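Following: one structure in structure tokens, then a few remarks.
All values reported here derive from a predicted model rather than from experimental measurement. Lettering follows sequence order; numbering is per chain, from 1. Only this structure's heavy atoms are used, side chains among them; waters, hydrogens and symmetry mates stay out.
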Number of protein chains: 2
Amino acid sequence: MATIHDVAHEAGVSISTVSYALTGKRSVSEATRKRVEEAALTLKYLPNAGARMMGGTRSHIFALTAPMRHDTNPAVHMSFVLSLVNEARKFDYDVLLMTEDEATRGLERVTKSRLVDGIILLDVAADDERVELVRDLPIPSITIGVPDNTDGLICVDLDFRAVGEIAVRTLAEYGHRSIALVGQAEETYGRGATFPLRLRNGFDEAAARRGINTHFVFGDSNGGRLRARLEDLFNKEHPPTALVLNCDEFGHKTVESYLAAKGLRVPDDVSLLSAGTSFDMDELDIPLDTIDRNY
Amino acid sequence: MATIHDVAHEAGVSISTVSYALTGKRSVSEATRKRVEEAALTLKYLPNAGARMMGGTRSHIFALTAPMRHDTNPAVHMSFVLSLVNEARKFDYDVLLMTEDEATRGLERVTKSRLVDGIILLDVAADDERVELVRDLPIPSITIGVPDNTDGLICVDLDFRAVGEIAVRTLAEYGHRSIALVGQAEETYGRGATFPLRLRNGFDEAAARRGINTHFVFGDSNGGRLRARLEDLFNKEHPPTALVLNCDEFGHKTVESYLAAKGLRVPDDVSLLSAGTSFDMDELDIPLDTIDRNY
DNA sequence: CTGAAAGCGCTTACAG
DNA sequence: CTGAAAGCGCTTACAG
């Protein structure tokens, strides 16, 4: 492996000039910068990661804690993780994966050993214990998902309230006056995840403003249970003419097959709108999927 | 953050003694070792990761390349990733997550910068391009999944052939003479994944040895298509009395609901055996799940 | 059984 | 615009 000395020698400059030319932390004459870059390229030079961590103050690594709860949707989870890693790379950062086992002690370990420069908390619940921990840590951290106490934190999340509102507005404009929301599994609401509740609030309030009749059923990983709830739903006096699906992929499929078995055609008899979910819809015939971002 | 000097001072020894006492790379008298450990504990000392990488020869980090293909089962994928991270921690290793975007250039980067000590390739296909790459890299790597050319590689995988054999043997012992295998999606076989084929081979050969009649249908992420195949299957002259399910969770559920709709009871009319899959079976009533390991 | 010291390969004040 | 040199915090021969 070529070192900074090799590059300096090849380019005929000092190692400090190589460092400055490559990091851009000091202005370097156009000519020497070019020579250094060429030398680095021909020698296939990459700075030694350990030396970079020691000499400087940055490790160029983030820690990512991504807990797998019982009700975590693996597909959605993975898409978040992959996006994060790819985005980090654009800033010359790598991502260290922390498991739940290590959630607390591990974060302290990688922080105190200066292995990571920052921490990303994925899928943060309202009363997430990781939040208290990272607040005391001397490195920056951000949460994806909004905890109850956001003091001193930078929180990022999708605007699920807006998703609920947009879903209602869209269907209202098509003339629907009775709309049902098929939500996440019941336990997801229980464990403090805030996004399904925010979506539901946006949904309810937008419907109330328009005087629209609403229904709600929990999603379910058990097809029979979900089908039974749908059956109840459509046996009501004013059954919905549109369904907003915030459940998982299996829920979507169950709804589809339930409607088909029931002889209800989409969109002639019932409209379907998928909202606030993210998975591959290739196998479905859902007309729309709405997600907005906020900060 | 406490450094090795702080610990040395606190324990009244030299920094080299601290290093040796903590790493165990040289014998240290019982008494001083204890003093060093106590000092480290009270100062909450953790070795600086960058310094450890530089001074020594190890970064204590593995790179994990875990491609998400179109037919990747996210749940299975995640369970592999989490297991790997947890197992790595037992050897004082952290795991750096590489995405597909960086599969080739990224591996070279983390190797040449000495960021990682080794590479783990997950879900390796028969003609996986990553295999050629890591063969030339100066650090060790292991594959999970077996490529065509295993020269100079250490390959690890589950023994899916044995899974297929065990499935047949188990059902044969219960007296079944006509067994169907519900496999992975058709495209999974196409892209060079070897495990479903190995399972199928084990299944076929074990059945042939026993003179058992076999059927095969591809799994499918589309419920209708899979149901149609099952319908064909049970309309045959000698329909199966047992199904071995190597399909994904949705496939399992589709089979269940198909059998229920058909009026076929489990296990009275048809036996079900889940083989070579890994996901939470809480929502199913499958009787058995078999996986064996080999090296 | 233990210590003084070189060295790992960078970054970054300090000088010119 | 550039260089010589200190220093980051470890590990590990070299000495005793």
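Note: CE (A:M53) to C1' (C:dC8) measures 14 Å, nearest angstrom. For the pair B:L115 CG and C:dC10 C1', the interatomic distance rounds to 14 Å; values are reported in whole Å. Atom pair B:Y20:OH and D:dT12:P shows a separation of 7 Å (rounding to whole Å applied). Atom C1' of nucleotide D:dC8 and atom CE of B:M1 are separated by 15 Å, given to the nearest angstrom. Atom CG of B:D6 and atom P of D:dC8 are 12 Å apart (whole Å). Computed from coordinates, the B:R114 CZ to C:dC10 C1' distance equals 15 Å when rounded to whole Å. Taking atom NE2 on B:H9 and atom P on D:dC10, their separation rounds to 16 Å, with Å as the unit. The CD1-C1' distance, from A:I15 to D:dC1, rounds to 17 Å in whole Å.
The phosphate of C:dC10 has OP1 or OP2 within less than 4.0 Å of a side-chain N or O from A:Y45. Contact check, A:S14 against D:dA4: no side-chain N or O comes under 4.0 Å of OP1 or OP2. Between A:S19 and C:dC10 there is no side-chain polar atom (N or O) within less than 4.0 angstrom of OP1 or OP2. Between B:K25 and D:dT12, a side-chain N or O to OP1/OP2 separation shorter than 4.0 Å is present.
Pairing of C:dA13, defined by two Watson-Crick or G-U wobble distances under 3.5 Å, is not identified with any nucleotide.
Listed candidates were C:dT2, C:dG3, C:dT12. Nearest to the side chain of B:V28 is C:dT2. The A:P47 side chain lies nearest to C:dC10 when the options are D:dT11, C:dC1, C:dC10. Of the candidate nucleotides D:dC10, C:dG3, D:dT11, D:dC10 has the atom lying nearest to any side-chain atom of B:N48. With C:dG3, C:dC10, D:dG9 as the candidates, the nucleotide lying closest to the side chain of A:T3 is C:dC10.
Residue contacts for B:S29: at a heavy-atom cut-off of 4.0 Å it reaches the sugar-phosphate backbone alone, with no base atom in range.
Checking side-chain atoms of A:D6 against main-chain N and O of A:T3 turns up a donor-acceptor pair under 3.5 Å. Panel note: side chain B:K112, backbone A:Y45; no donor-acceptor pair is recorded below 3.5 Å.
The distance from the OG atom of B:S141 to the CD1 atom of B:I154 is 8.0 Å, given to the nearest 0.5 Å. Atoms CG and CZ, from A:L46 and A:R52 in turn, are 9.0 Å apart once rounded to the nearest 0.5 Å.
No side-chain N or O of B:T104 forms a donor-acceptor pair with one of B:R130 less than 3.5 Å apart. A:S19 and A:S16 are not linked by any side-chain donor-acceptor pair at a separation below 3.5 angstrom, with hydrogens and angles left out of the test.
In terms of polar N and O atoms assigned as donor or acceptor, the side chain of A:S16 comes within less than 3.5 Å of the base of D:dA4 in a complementary pairing. Under 3.5 Å, the side chain of B:R26 and the base of D:dT12 form no donor-acceptor pair of N or O atoms.
Each of A:R52 and B:T32 was matched to the nucleotide of DNA chain C holding its nearest heavy atom; the match closer to the 5' end belongs to B:T32.
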